[in-house]
Number of protein chains: 2
Amino acid sequence: MQMDAVDQRIIALLVADARASYAEIGAKVSLSAPAVKRRVDRLRSTGVIKGFTAVIEPSAVGWTTEAFVELFCTGRTTPAQITVATRRHPEVIGAYTVSGQADALVHLRAADIGHLEQALERLRAEPFVTSTRSMVVLSRLVEAPTAIPLSS
Amino acid sequence: MQMDAVDQRIIALLVADARASYAEIGAKVSLSAPAVKRRVDRLRSTGVIKGFTAVIEPSAVGWTTEAFVELFCTGRTTPAQITVATRRHPEVIGAYTVSGQADALVHLRAADIGHLEQALERLRAEPFVTSTRSMVVLSRLVEAPTAIPLSS
DNA sequence: GGTGAAAAATTGACACC
DNA sequence: GGTGTCAATTTTTCACC
């Protein structure tokens with residue numbers, strides 16, 4: 001899809017604050033509120049903006065434990081299989097196929113270590129998983145929303 | 001902070017759609033719009049809701065390459081040092097200290113492989129980094145916003 | 001792309017429990 | 001502490017140019 005510098009700035013402003021009003025955004029990009037809305041509607045319908053979400057402090061909702069788990073899979077495992085399998089587990093908040101020794105990297109979030117262990121066991125029970133390697137998150141140092149290159 | 005089931009449901013609804021109106025949310029949790037707003041204001045001021053953001057398709061804004069990099073650091077490296085160092089690099093969209101062989105895991109997003117390589121070189125140049133192990137993301141299978149346990 | 005008007009949402013004041 | 005109702009203001013969302 002075609003996007004100009006104004007679209008990029010609107011996106012950056014919405015990433016910074018998804019509840020900013022169109023008038024507020026318009027003031028910063030020198031556009032009227034309706035013009036901003038039309039652009040945002042277009043960005044949404046073309047899939048550039050996938051949605052709007054609240055950023056939550058995980059510990060506040062009872063998720064205190066995170067881990068990254070490398071999956072080593074059997075030879076014939078497809079990304080689709082991994083997708084289906086990982087989506088089944090509510091603890092999975094991210095999953096990626098990767099280059100390197102592992103086949104996939106899975107990001108888990110659980111209530112506590114016990115819950116994490118349980119989720120990990122379930123994941124390891126998937127038929128295509130041959131082995132795993134876990135990294136439990138000790139502290140989140142950086143966690144930024146999708147950064148947008150600012151075209152100044 | 002103290003949170004009841006209604007707060008949890010409001011949070012879940014805002015994670016699903018940060019631009020939902022208070023009246024719309026109120027209809028789903030059986031509360032008036034002002035009551036919802038008061039709760040949201042409280043959740044924001046207490047840091048449970050850290051903010052609202054737009055979810056962007058990374059490829060649409062020119063970020064086509066992602067990687068996870070394990071950092072192996074010198075013995076006396078502190079999390080604070082890693083935080084400061086990783087925040088300097090705009091390509092870092094996540095950083096965590098982890099248990100296991102590596103000391104930290106860094107999530108990078110770059111325009112292309114060349115850009116990623118460049119960012120990786122800069123990261124490896126940090127004085128406390130002894131070695132790295134990279135996993136380039138081949139495909140994003142799952143990428144969910146902070147999942148909230150639904151108290152049904 | 002802007003303007004203007006109607007509809008809807010936000011926000012604060014107030015009473016109530 | 002919490003809620004709902006009401007009114008003023010602001011925002012959204014249409015027309016139409």
Side-chain angles (χ1 to χ4, degrees), chain A residues 1-64 145-146 148-152, chain B residues 1-57 59-62 145-152:
Chain A
M1 160 203 195
Q2 186 168 293
M3 267 173 50
D4 64 12
V6 176
D7 286 327
Q8 297 259 332
R9 291 176 62 199
I10 290 173
I11 290 169
L13 290 167
L14 283 173
V15 168
D17 179 12
R19 285 188 81 104
S21 73
Y22 294 131
E24 210 173 324
I25 295 168
K28 290 178 182 165
V29 301
S30 307
L31 238 50
S32 67
V36 173
K37 182 192 187 296
R38 283 192 287 259
R39 281 172 180 260
V40 173
D41 285 346
R42 184 171 45 80
L43 290 168
R44 292 199 68 170
S45 69
T46 55
V48 172
I49 295 176
K50 297 201 281 186
F52 301 100
T53 189
V55 182
I56 304 303
E57 170 53 42
S59 62
V61 291
W63 298 87
T64 64
T146 317
I148 306 301
L150 292 177
S151 31
S152 58
Chain B
M1 134 183 229
Q2 187 168 292
M3 267 174 50
D4 63 12
V6 176
D7 286 326
Q8 298 257 331
R9 291 175 63 199
I10 291 173
I11 290 169
L13 290 167
L14 284 174
V15 168
D17 179 12
R19 286 187 80 103
S21 73
Y22 295 129
E24 211 172 324
I25 295 168
K28 290 177 182 164
V29 301
S30 306
L31 237 49
S32 67
V36 173
K37 183 194 187 294
R38 285 190 288 258
R39 281 171 180 261
V40 173
D41 285 346
R42 183 171 46 80
L43 290 167
R44 293 199 68 172
S45 68
T46 54
V48 173
I49 296 175
K50 297 202 280 186
F52 301 100
T53 190
V55 182
I56 305 302
E57 170 55 41
S59 63
V61 290
T146 317
I148 304 300
L150 292 177
S151 31
S152 58

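All chains are named by letter (A, B, ...) in the order of the sequence lines, taking the proteins before the strands, and each is independently numbered beginning at 1. As the structure is a computational prediction, the values presented were derived from the model and not from experiment.
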Exercise. Side-chain contact, heavy-atom cut-off 4.5 Å: A/L43 with A/M1?
Worked result: yes
Exercise. Do B/L13 and B/V29 have side-chain heavy atoms sitting under 4.5 Å apart?
Worked result: yes
For this session: Identify the two heavy atoms, one from A/Q2 and one from A/D7, that lie closest to each other, and give their separation to 0.1 Å.
Result: O-OD2, 4.3 Å
For this session: List the atom of B/K50, the atom of A/E57, and the distance in Å for their closest heavy-atom pair.
Result: NZ-OE1, 3.5 Å
Exercise. Got a sec, which residues hit side-chain contact (heavy atoms from CB on, under 4.5 Å) with B/A27, two or more places apart in sequence or on another chain?
Worked result: none
For this session: Report the residue from B/L31, B/V36, B/I11 that forms a side chain to side chain contact (heavy atoms under 4.5 Å, CB included) with B/V6.
Result: B/L31
For this session: Compare every heavy atom of B/V15 with every heavy atom of A/T53, then report the nearest pair and how far apart it is.
Result: OG1-O, 2.6 Å
For this session: Output the residues of residues 21-30 of chain A in contact with DNA chain C, where contact means a heavy atom of the residue under 4.0 Å from an atom of the strand; sort by number or write none.
Result: none
For this session: For B/D41, enumerate each residue passing the side chain to side chain donor-acceptor pair (under 3.5 Å) test, keeping only those at least two apart in sequence or located in another chain.
Result: B/K37
Exercise. Taking any atom under 4.0 angstrom from a heavy atom of chain B, which nucleotides of DNA chain D are the first and last to qualify, 5' to 3'?
Worked result: D/dG2 to D/dT12
For this session: Could you check which residues of residues 33-42 of chain B get a heavy atom under 4.0 Å from DNA chain D? Sort them by number, please.
Result: B/P34, B/A35, B/R38, B/R39, B/R42
Problem set entry | Min side-chain heavy-atom separation B/V55-A/I49 under 4.5 Å | no
Problem set entry | For atom CG of B/L14 and atom P of C/dA9, their distance in whole Å | 15 Å
Exercise. What residues, two or more places apart in sequence or in another chain, satisfy side chain to side chain donor-acceptor pair (under 3.5 Å) together with B/R19?
Worked result: none
